[in-house]
Amino acid sequence: MAEATSTTAYARDPKPVRWGLRILVVGYVFLLVAWPTYLVFENALKPGVGKMLSGLGDPEVSHALALTVTITIWAVVINLAFGLTVSLLLVRYDFPGKRVLSALLDVPLSVSPVVVGLALVLVYNGQDGWFGPWLEKAGYQVIFSTPGIVMATVFVALPLVIREIVPVLEEIGDDQEQAARSLGANGYQTFWRITLPGIKWAVVYGVVLALARSLGEFGAVKIVSGNIVGQSQTATLSVEETYQNFQQQTAYAESALLALAAMVCLVIVAVIRPKEHKK
Amino acid sequence: MSINVSGVTKRFGDFVALDDVSVDLPTGQLTALLGPSGGGKSTLLRIIAGLESADSGTVTIEGTEATHLPPQKRNVGFVFQHYAAFKHMSVAKNVAFGLEIRHRSKEEVKKRVGDLLDLVHLSQFADRLPSQLSGGQRQRMALARALAVEPSVLLLDEPFGALDAKVRKELRDWLRRLHDEVHVTSVFVTHDQEEALEVADEIVVINDGRIEQIGAPDDLYDSPASDFVMTFLGPTTRLGGVLVRPHDIDVLTHTVPGAVAGRIERQLRVGFEVRLTVATEDAQQVEVTVTRATQRQLDLHEGVEVWLTPTTGVPRAEIAAV
């Protein structure tokens, strides 16, 4: 119904207005998103696929790429587990401080990643951090090391899974879960058989967004990682460094790879999702 | 006693949903919890099912103390107003859910699901998704799903509330017949007095968190314990200081001792009955329902002078403080 109404409203606009709007929107997206992204790919592929791959094969670059993969996997897994739990908590339970928690979860979206990085350093650095020296004595180095980078990445991608799942959980309600309970299912069975299948696509979408965000995180990671080449340098940091060192070719190749990975995820989801809905 | 509810109180903040409610629901019967919206009947049902917990009081199901049992351990079937169909599962899978949770063998599940789908006339839809069924079909599926686990009690929360009038009537008849076949102790919540009167063996009238009256439909209709029950169970009107049902008034075209005189102000024909609004001499408006035949026989129409008297031997209540 809403769709029908909006179509009529849209059709009422005179032709020049409609075409004007279309050109404006397409032009805007083209100049801001499509063309620059395309240029990255074009530049990356200019010297040929072989040269591009050999640029990526450089040990320092491939270490950075491998580190990014590791970080991304950890960050996505942690955010998935935490995101599912918190979403269920927010939607299905009432407790004092719920609104505060909900507001806190949006902090990572509003605070600059650089600030996040600095905040983590303040807490976890091994010299004068609030918690860091104690951890270091116990044998864990957080800042300038993989755990710190994972934490920074988890932090910035924190709300993405939750904000996808919460509205869907609210929409499906708890009728089905109560029905499952009354039919003898315990909490665990209800979650796996009823709740999770119901929010499946929200979870997938949240994971893809978190994945894309984790792949591309730069600011927070730069602060906490120390940017040590061959050790704690991730792919995005490596892009910056190679670019500044006049190895533009390598920088383009890495950029193209990062962009490609994120885009492939989005495309895959976009392709599978509508099929599931039409069924 | 199949279900015994004793001294149950439930509050939602300041709102008292149930106030020290005690009721026994006997085995094998179809009981209706009847009352206006917000009166506490659904809350009572959900407390019996374990979907809500009572602030105080106890619930016993089939002799088992169930007050603190989680819903999955009470062996009750619950049917929701909005079906609560498992949207991602086929009709057959929905019905099989409780059996699969109980790890029954594949053959047993298949046979039982087949039988149940026959019972609710949904065999040809076994492989469909709930979204491809009509409302009435979905509710029958939900009923089969609840019956699959052979519950000791079947609880239905406004089961026909979301359906249109015609389907509601069909399902109502069908539920009555089904109950005569399966004999599972059933409790259903409704705010529709006609539904309760038609389907239930026993009616529990609940209002404002308290039980107003318990009894067979005819008892409740014929001897209501309070004005509330009388008003809620059917239409009422005031005639000379007493509360009576509009169809329990005799309309005469001549005066008799004790009759109230008046003039027909309006008449409305609804199918086989005719509703008259009579303005009496003491400036009251009395609603009277007569059959089409009576109306024609006495030639009743607007402007005619009539005398009204309550039919002898029918329920009426002296109006104390209305």
Side-chain angles (χ1 to χ4, degrees), chain A residues 1-3 80 84 87-89 91-99 164-207 269 272-279, chain B residues 12-13 42 45-46 48-52 61 69-90 93-104 128-132 138-139 141-157 162:
Chain A
M1 191 63 213
E3 225 164 312
L80 175 61
L84 269 174
S87 304
L88 283 171
L89 197 68
V91 179
R92 294 285 185 258
Y93 298 90
D94 252 325
F95 52 91
K98 184 164 147 172
R99 294 175 69 149
E164 283 295 316
I165 297 177
V166 163
V168 180
L169 264 182
E170 274 168 356
E171 191 198 312
I172 62 172
D174 59 356
D175 270 16
Q176 295 183 53
E177 288 163 20
Q178 292 185 352
R181 284 307 189 87
S182 76
L183 289 167
N186 58 33
Y188 178 82
Q189 287 165 322
T190 306
F191 176 74
W192 284 103
R193 288 171 186 245
I194 303 300
T195 313
L196 197 56
I199 57 172
K200 182 169 65 179
W201 286 105
V203 172
V204 170
Y205 215 66
V207 162
V269 171
I272 5 183
R273 183 131 106 157
K275 266 190 207 155
E276 181 75 15
H277 271 262
K278 269 177 209 153
K279 202 176 84 183
Chain B
F12 296 106
S42 277
L45 196 77
R46 292 172 66 82
I48 296 173
L51 297 173
E52 211 86 66
I61 299 173
L69 279 183
Q72 69 264 30
K73 296 207 171 129
R74 297 193 181 202
N75 198 31
V76 296
F78 201 96
V79 174
F80 296 80
Q81 180 178 4
H82 297 287
Y83 330 121
F86 300 144
K87 289 187 182 127
H88 59 287
M89 295 182 191
S90 69
K93 276 277 170 199
N94 261 275
V95 177
F97 186 84
L99 299 168
E100 284 174 355
I101 289 288
R102 285 167 175 72
H103 302 294
R104 299 283 167 79
R128 293 219 189 159
L129 285 175
S131 57
Q132 297 167 303
R138 270 183 237 179
Q139 200 55 298
M141 179 195 84
L143 206 58
R145 181 176 72 181
L147 287 172
V149 298
E150 290 172 19
S152 45
V153 185
L154 183 63
L155 305 171
L156 307 103
D157 188 5

Kindly indicate whether the side chain of A:Thr190, heavy atoms from C-beta on, has any atom under 4.5 Å from the side chain of B:Gln72.
-> no

Contacting region of B:Phe78 [heavy-atom separation from chain A under 4.5 Å] | both

For the atom pair CD (B:Glu100) and CG (A:Leu183), what is the distance rounded to the nearest 0.5 Å?
-> 11.5 Å

Are more than 12 heavy atoms from other residues, nucleotides or ligands located less than 6.0 Å from atom NZ of A:Lys98?
-> yes

If one checks every heavy atom of B:Arg102 against chain A at 4.5 Å, the contacting part turns out to be side chain

By a 4.5 Å heavy-atom criterion (distance strictly below it), what part of B:Arg145 contacts chain A: side chain, backbone, both, or neither?
-> both

Output the residues of residues 170-182 of chain A for which the shortest heavy-atom distance to chain B is under 4.5 Å, in residue-number order; output 'none' if no such residue exists.
-> A:Asp175, A:Gln176, A:Gln178, A:Ala179, A:Ala180, A:Arg181, A:Ser182

Most contact-rich option vs chain A, by heavy-atom pairs under 4.5 angstrom, among B:Pro71, B:Gly98, B:Ala49, is B:Pro71

Within a radius of less than 6.0 Å around CZ of A:Phe95, do more than 12 heavy atoms belonging to other residues, nucleotides or ligands occur?
-> yes

Ordered numerically, the heavy-atom neighbours of chain A under 4.5 Å found in residues 82-89 of chain B are B:His82, B:Ala84, B:Ala85, B:Phe86, B:Lys87, B:His88, B:Met89

Within a radius of less than 6.0 Å around CZ of B:Phe12, do more than 12 heavy atoms belonging to other residues, nucleotides or ligands occur?
-> yes

